[in-house]
K.L.:
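Here it is: the structure, laid out below.
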Number of protein chains: 2
Amino acid sequence: METLSIGQYDLIYNAFSFGFATLAAATLFFWLGISQVKPQYKTALVVTGLVTFIAAYHYWRIGQSWSDAYTLVEGVHVPTEMVFNSAYRYVDWLLTVPLLLVELILVMGLTKSETVKRATSLGLAALLMVALGYPGEVSDSANVRWTFGLLSMIPFLWIVYQLYVGLGTAIENQPENARGLVRAARNVTVASWAFYPVVYFAGAVGLEGATATVVVEVGYTIADLIAKAGFGVLIFLIAMRKSEDVASIGKDKAIPAE
Amino acid sequence: METLSIGQYDLIYNAFSFGFATLAAATLFFWLGISQVKPQYKTALVVTGLVTFIAAYHYWRIGQSWSDAYTLVEGVHVPTEMVFNSAYRYVDWLLTVPLLLVELILVMGLTKSETVKRATSLGLAALLMVALGYPGEVSDSANVRWTFGLLSMIPFLWIVYQLYVGLGTAIENQPENARGLVRAARNVTVASWAFYPVVYFAGAVGLEGATATVVVEVGYTIADLIAKAGFGVLIFLIAMRKSEDVASIGKDKAIPAE
């Protein structure tokens, strides 16, 4: 850990607090909306709120750990013995990243067997992706960081392939009023997830010291907010749109929501 | 208590935090699902969430107690005067382990008298099993640990017998779409509970010092998560499946929107 200026320390501290507030508010928004969607989309909103709930908990803990990890000495923040616990991020991702893919699958309204199959395979790939990243994150060696970072890219690329090719037809078969939103949710997943490796490899290309700490902590926070709260709003909108659709179709055309 | 390396201390600390986050999220997941199941299965989900709620509370306390129990001195964690309170686990189990069996009985949808009879006898056996384990857990003597550990196995084996033989017919008579899941829930109960004696006896077969602490704390945490949150997801799925079944039987056989 390195010494930080007051501005650097505060920027990160405030980013964590902003992260907690946004994620906690998003959780309540998603759960308070459950009664407004059709039964088959309720679980999608439950899971969407679970992801932001789990992340809000971890941002609360991360903020506390950050406070404990520095002390102000003669106008600069110097590290204390209580090392900042970056494992909170990985513990969070182990739980939330698979659930993010489950949200998307649930709101697509596939058949039951297809839902189980897709959610399981994508969820396990996401778990593998996060688990492979951790040894690199905590290592001081750029080589180890590169090795695990690249290994972690294999399940990531498989997930991208599945989202564009494996689920391509299912996405194009979404009801017209929701199709654009489902495509957007898929694209936001890939785009926001692609941001994590950029932050991750920032530590492997020689960016170090206080600037690296700011880039990593603020960067991960922004990525988390887009991937969880922003993505969740899309899932919420899809569930609302498809609930309207079912209601109107219920009258004349008998095509079910899928 | 023994001195722990930073890695050992952190692994256990992070396992406790992971345990809290998972159990708290699971609680909300079960309770938010209550409105989605038929009235006769709502209590099963209420109880399922109670178990993870009680466990989440104890993991929060366990995490605090863990922080208080060690202090960082020259790069290693040395015990403080505040001894880690392992009684939290037993207090938790006294409440949650009988309730886990109640969940399973409730979701099976037996007759009222059968439900009361089975839930009472299995619940009391579970209580006895936990109470008999405690004197061995806190003893430094391997003999005492073996004695109470083996005594505790008697109610455990009776429970296993009841789950496979006493409830065997009731499980085979479950509706077809839920039968496999009920069998799985029964098997997960026995398999995850069988993990506790393994951890318990690790302290009686000479495994000691820092490694034993890691095995015991991380082992119990994994077992708790499978036995409570993982098992709870199965109970949730059974309640959802059986609720659909009732709904479709209500009409003609049109399989509802998947």
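Order of the sequence lines fixes the chain letters, A, B, ..., with proteins taken first and strands second; residue numbering starts at 1 for each chain.
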K.L.:
Quick check: under 4.5 Å, non-hydrogen atoms only, which of residues 92-105 of chain A neighbour chain B?
P.N.:
A/Leu95
K.L.:
Are there over 12 heavy-atom neighbours, none belonging to A/Tyr13, within less than 6.0 Å of that residue's OH?
P.N.:
no
K.L.:
Is B/Ala24 in contact with chain A via its backbone, its side chain, both, or neither, using a 4.5 Å heavy-atom distance?
P.N.:
both
K.L.:
Return yes when atom CD of A/Glu172 has more than 12 non-hydrogen atoms of other residues, nucleotides or ligands closer than 6.0 Å, and no otherwise.
P.N.:
yes
K.L.:
Which one of A/Thr43, A/Leu45, A/Val47, A/Ile34 satisfies the side-chain contact (heavy atoms from CB on, under 4.5 Å) criterion with B/Leu32?
P.N.:
A/Ile34
K.L.:
Hey, are A/Asn85 and B/Asp10 close enough side-chain-wise for a donor-acceptor pair under 3.5 Å?
P.N.:
no
K.L.:
Heavy-atom distance under 4.5 Å between the side chains of B/Leu28 and A/Trp31, does that happen here?
P.N.:
yes
K.L.:
Where along residues 49-83 of chain B does a heavy atom come under 4.5 Å of chain A, listed by residue number?
P.N.:
B/Trp60, B/Leu72, B/Glu74
K.L.:
Looking at A/Phe18, I want to see if its CZ is surrounded by more than 12 non-hydrogen atoms of other residues, nucleotides or ligands under 6.0 Å.
P.N.:
no
